[in-house]
Amino acid sequence: MKIELVEGDITEQRVDAVVNAANSSLLGGGGVDGAIHRKGGPEILAECRALRASRYGGGLPAGQAVATTAGRLPARWVIHTVGPVFSRSEDRSHLLASCYRESLAVAGSLGAATVAFPAISTGVYRWPMADAARIALTTVRQAGTAVEEVRFVLFNSAAYAVFEDALRDMG
Ligand code: ADP
């Protein structure tokens, strides 16, 4: 699998599936979530509401992933995953790794060959970027998946540089 880093906006990626750093309500929020719903249009929210009314009545738990249409985005699917809120007193790394693993599993089951990820949990959920980058890159690299290309879309040059360093450290 090819791993690519780009600096940019996740809503502009021409890929099969774009991953949303959602919250467990699946009903929208700020950051990546807000941008995806704003640009993708109401179809995405309609499918999220249907998921809340069926499989995910209690919300989508942290570490899990579920797909909807991508609406008007230049992608076929949005894969919603809920990152853990960073905690200094409790190690939630397994949940962050699970977001990447489960999103790739959903992508694989859809037949998506190209997937774009944001840096999950590094915004409102406050995960330190370097640690999040290490977890993201090692998990994706170790995942057994049919996905051919994973693109990490970093929102600014600082985040891009941190991911670049983490990728280099992995050799
Ligand atoms: P979380 O709630 O999982 O922390 P956020 O959406 O708040 O998710 O932030 C996750 C990361 O995505 C942050 O590093 C943030 O700067 C970045 N980000 C915000 N908007 C976009 C966007 N449109 N495209 C790519 N990355 C974005």
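Whatever order the structure lists ligands and atoms in, that order sets their numbers, starting from 1. Predicted model, so just to flag it, every value in this text is computed and none were measured. Computation of the quantities below employed the complete heavy-atom set of this structure, encompassing side-chain atoms and omitting hydrogens, waters and symmetry-equivalent molecules.
At the top of the distance list for atom 5 (P) of ligand 1, counting protein heavy atoms only, stands Gly123 CA, 3.9 Å. In terms of protein heavy-atom proximity, atom 24 (N) of ligand 1 is nearest to Ile10 N, 2.9 Å. What sits closest to atom 17 (C) of ligand 1 on the protein, heavy atoms only, is Phe155 CB, 3.9 Å.
Note on Met1 and Leu137: same hydrophobic cluster, where clusters join Ile, Leu, Val, Met, Phe, Trp and Tyr whose side-chain heavy atoms are under 4.5 Å apart, directly or indirectly.
Side chains of Arg49 and Leu45 form a contact here, defined as non-hydrogen atoms less than 4.5 Å apart.
Counting heavy-atom neighbours within 6.0 Å of Arg52 CZ, excluding the residue itself, gives a total above 12.
Every N/O-N/O distance between Ala35 and ligand 1 stays at or above 3.5 Å. Between Val124 and ligand 1, at least one N/O pair is under 3.5 Å apart. Distances between N or O atoms of Gly30 and those of ligand 1 include no value under 3.5 Å. Distances between N or O atoms of Thr122 and those of ligand 1 include at least one value under 3.5 Å.
Residue contact check for ligand 1: Arg126 places no non-hydrogen atom closer than 4.0 Å to it.
Using cut-offs of 30° and 60° for the angle between ring planes, the Phe152 and Phe163 rings count as tilted.
Taking all heavy atoms of Pro118, Ser121, Ala116, Cys99 into account, the minimum distance to atom 3 (O) of ligand 1 is reached by Ser121. Across Ala119, Gly31, Ala21, heavy-atom proximity to atom 10 (C) of ligand 1 is greatest for Ala119.
The atoms of ligand 1 that sit less than 4.0 Å from any heavy atom of Met129 are 14 (O). Taking a cut-off of under 4.0 Å to the non-hydrogen atoms of Val32, the atoms of ligand 1 that pass are 6 (O), 12 (O), 18 (N), 19 (C), 20 (N), 21 (C), 26 (N), 27 (C). Against a heavy-atom cut-off of under 4.0 Å, Asp9 is close to the following atoms of ligand 1: 22 (C), 23 (N), 24 (N).
The shortest heavy-atom contact between Ile79 and Ser103 is CD1-O, 3.6 Å. Residues Val32 and Val19 share a closest heavy-atom pair of CG1-O, 4.3 Å.
Take Asp91 and apply the side-chain contact (heavy atoms from CB on, under 4.5 Å) test, not counting sequence neighbours, and it matches Ser93.
Here the side chain of Glu102 pairs no donor or acceptor atom with the backbone of Thr81 at under 3.5 angstrom.
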Let me have the donor-acceptor pairs involving side chains of residues 112-125, under 3.5 Å, with sequence neighbours excluded, atom names and distances please.
| residue | atom | partner | partner atom | Å |
| --- | --- | --- | --- | --- |
| Thr114 | OG1 | Asp16 | N | 2.9 |
| Thr114 | OG1 | Asp16 | OD2 | 3.4 |
| Ser121 | OG | Pro84 | O | 2.8 |
| Thr122 | OG1 | Ala119 | O | 2.7 |

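At a distance under 4.0 Å, no protein heavy atom can be found next to atom 15 (C) of ligand 1.
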